[in-house]
Structure formats: C-alpha cells, structure tokens
Amino acid sequence: MAMNTNNEQLKTKLTFDDQVIKKIAGITANQVEGVISLDGNVFSELTDRFTPGSDTTKGIDADVGEQQVSLKLDATIEYGKNATQIFKEVLAKVKQALKEMTGLTLVEFELHINDVKTKAELKDENNSKE
C-alpha cells in the first residue's frame with residue numbers, strides 16, 4: 001500500500017448556521033443606545049409567552065451564504081431618539097461584528113422600526129413583568 005502524501009490536498013470549509021448569524025446581529029443591535037428590543041411577528045410574540053428566557057434572534061431574518069450575509073431586523077426604539085442615527089450605528093456595529101467574528105460580508109441590511117416607546121411605557125412594562 002503506497003501513500004502519496006505530496007499530492008494530497010486538504011479540503012476545508014467553514015460554515016455558519018443562520019441562528020449563529022442572527023444571534024451575533026441580535027446581541028450587537030441590542031447594545032446600541034435607543035434600541036429597546038428586537039421584535040418578531042405575532043406568532044413569535046405568542047410563543048415567547050409560553051417559553052422561558054429571552055430569544056436574542058427574535059425579530060431577525062438572515063440569509064447566509066458562504067461569504068455574504070443579508071439581514072432584516074424589526075426593532076422597537078426609544079421615543080425621542082433619532083431613528084436615522086440608531087440605524088447607522090446598528091448597521092456599522094453589526095457589519096463590524098459579523099466581519100470580525102465570522103469573516104462574512106454584510107451585503108444587505110434592513111432595519112424596520114415597528115414601534116417607539118417612552119421611558120414611562122418602559123417603566124410600566126418592567127413593573128408589570130415583576
């Protein structure tokens with residue numbers, strides 16, 4: 001049995017599950033001041049009532065290729081904050097985090113603001129959860 005080690009080539013491939021990309025985007029976006037939460041659709045809101053813990057991927061759609069990523073996020077922001085500035089900051093931070101952690105390039109990004117909440121509304125919601 002002869003082994004030819006000189007001509008052997010190792011084939012490698014690094015891939016990411018969509019959930020990993022969503023989680024990176026969700027954690028990063030939630031760190032931006034003015035972002036209150038990332039929100040899913042009615043079904044995911046209903047599911048959250050019956051499952052413990054918080055889902056950092058809620059409100060995020062990802063299309064992940066071998067080298068590129070497309071993201072759509074649905075968010076609630078704080079009333080009085082500049083939505084354009086929040087958008088720019090979320091975009092920059094998510095793009096950078098994805099590149100640093102995965103090497104993937106963000107090629108399409110959408111941030112859909114589906115609600116705004118005042119500090120009083122947030123305080124009331126937090127008190128009712130306790």
Side-chain angles (χ1 to χ4, degrees):
M1 177 185 342
M3 291 179 56
N4 186 353
T5 57
N6 294 338
N7 294 332
E8 289 182 17
Q9 289 185 342
L10 176 64
K11 292 184 180 181
T12 63
K13 187 176 187 179
L14 175 63
T15 60
F16 298 94
D17 190 88
D18 288 5
Q19 287 298 106
V20 172
I21 302 306
K22 289 178 182 184
K23 193 168 188 179
I24 291 170
I27 291 170
T28 304
N30 275 308
Q31 293 173 347
V32 172
E33 185 178 342
V35 174
I36 293 172
S37 66
L38 299 177
D39 311 294
N41 57 28
V42 174
F43 178 73
S44 68
E45 295 292 331
L46 185 62
T47 304
D48 285 347
R49 293 187 181 135
F50 299 107
T51 56
S54 65
D55 180 6
T56 56
T57 64
K58 183 175 79 164
I60 304 172
D61 289 321
D63 185 13
V64 183
E66 288 187 21
Q67 297 179 1
Q68 300 176 331
V69 177
S70 240
L71 289 172
K72 180 180 181 213
L73 288 72
D74 291 322
T76 298
I77 63 171
E78 184 179 336
Y79 176 80
K81 298 288 184 179
N82 184 317
T84 303
Q85 188 60 39
I86 291 170
F87 171 80
K88 288 177 183 177
E89 191 172 343
V90 170
L91 170 59
K93 289 187 176 195
V94 167
K95 182 178 179 180
Q96 180 181 359
L98 287 171
K99 192 67 167 173
E100 287 176 3
M101 288 187 234
T102 67
L104 297 173
T105 303
L106 184 62
V107 294
E108 189 175 339
F109 182 80
E110 181 180 341
L111 179 63
H112 174 76
I113 308 300
N114 59 18
D115 200 0
V116 294
K117 293 191 178 179
T118 64
K119 289 183 186 260
E121 287 176 307
L122 290 174
K123 187 177 178 183
D124 289 345
E125 285 180 10
N126 289 336
N127 288 339
S128 68
K129 289 180 183 178
E130 294 173 355

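All residue numbers refer to positions in the sequence shown, counting from 1.
Across all their heavy atoms, A83 and I77 have their closest contact at CB-CD1, 3.9 Å. Here the shortest heavy-atom pairing between A62 and I21 reads CB-CG2, 4.4 Å. For A75 against L38, the heavy-atom pair with the smallest separation is CB-CD2, 3.8 Å. G34 approaches K81 most closely through the heavy-atom pair CA-CG, 4.1 Å. Across all their heavy atoms, V90 and A29 have their closest contact at CG1-CB, 3.9 Å. Taking every heavy atom of both residues into account, K117 and T76 meet most closely at CG-CG2, 3.8 Å.
Of the candidates D63, L91, L98, L98 is the only one forming a side chain to side chain contact (heavy atoms under 4.5 Å, CB included) with L71.
Summarising the geometry, atom CD belonging to Q19 is positioned 9.0 Å from atom CD1 belonging to I60; distances are rounded to the nearest 0.5 Å. Once rounded to the nearest 0.5 Å, the distance linking NZ of K95 with OG1 of T28 reads 14.5 Å. A distance of 4.0 Å separates CD in E66 from NZ in K13, rounded to the nearest 0.5 Å. Once rounded to the nearest 0.5 Å, the distance linking CD1 of I24 with OG1 of T57 reads 12.0 Å. With rounding to the nearest 0.5 Å, the separation of NZ in K119 from CD in E78 is 4.0 Å. From H112, atom NE2 reaches atom CG of D61 across 11.5 Å, with rounding to the nearest 0.5 Å.
V64 and I27 sit in two unconnected hydrophobic clusters of ILVMFWY residues. Membership requires side-chain heavy atoms under 4.5 Å apart, directly or through other members. The same ILVMFWY cluster, assembled from side-chain heavy atoms under 4.5 Å apart, contains both M101 and F16.
In this structure, the side chains of I113 and F87 stay at 4.5 Å or more apart for every pair of heavy atoms. Put simply, the side chain of K99 reaches to within 4.5 Å of the side chain of T105, judged on heavy atoms.
Around atom OH of Y79, no more than 12 heavy atoms belonging to other residues, nucleotides or ligands sit under 6.0 Å away.
Using modelled atom types, no side-chain atom of D74 and backbone atom of N114 make a donor-acceptor pair closer than 3.5 Å. Q68 places no side-chain N or O within donor-acceptor distance of the main-chain N or O of G65, the cut-off being under 3.5 Å.
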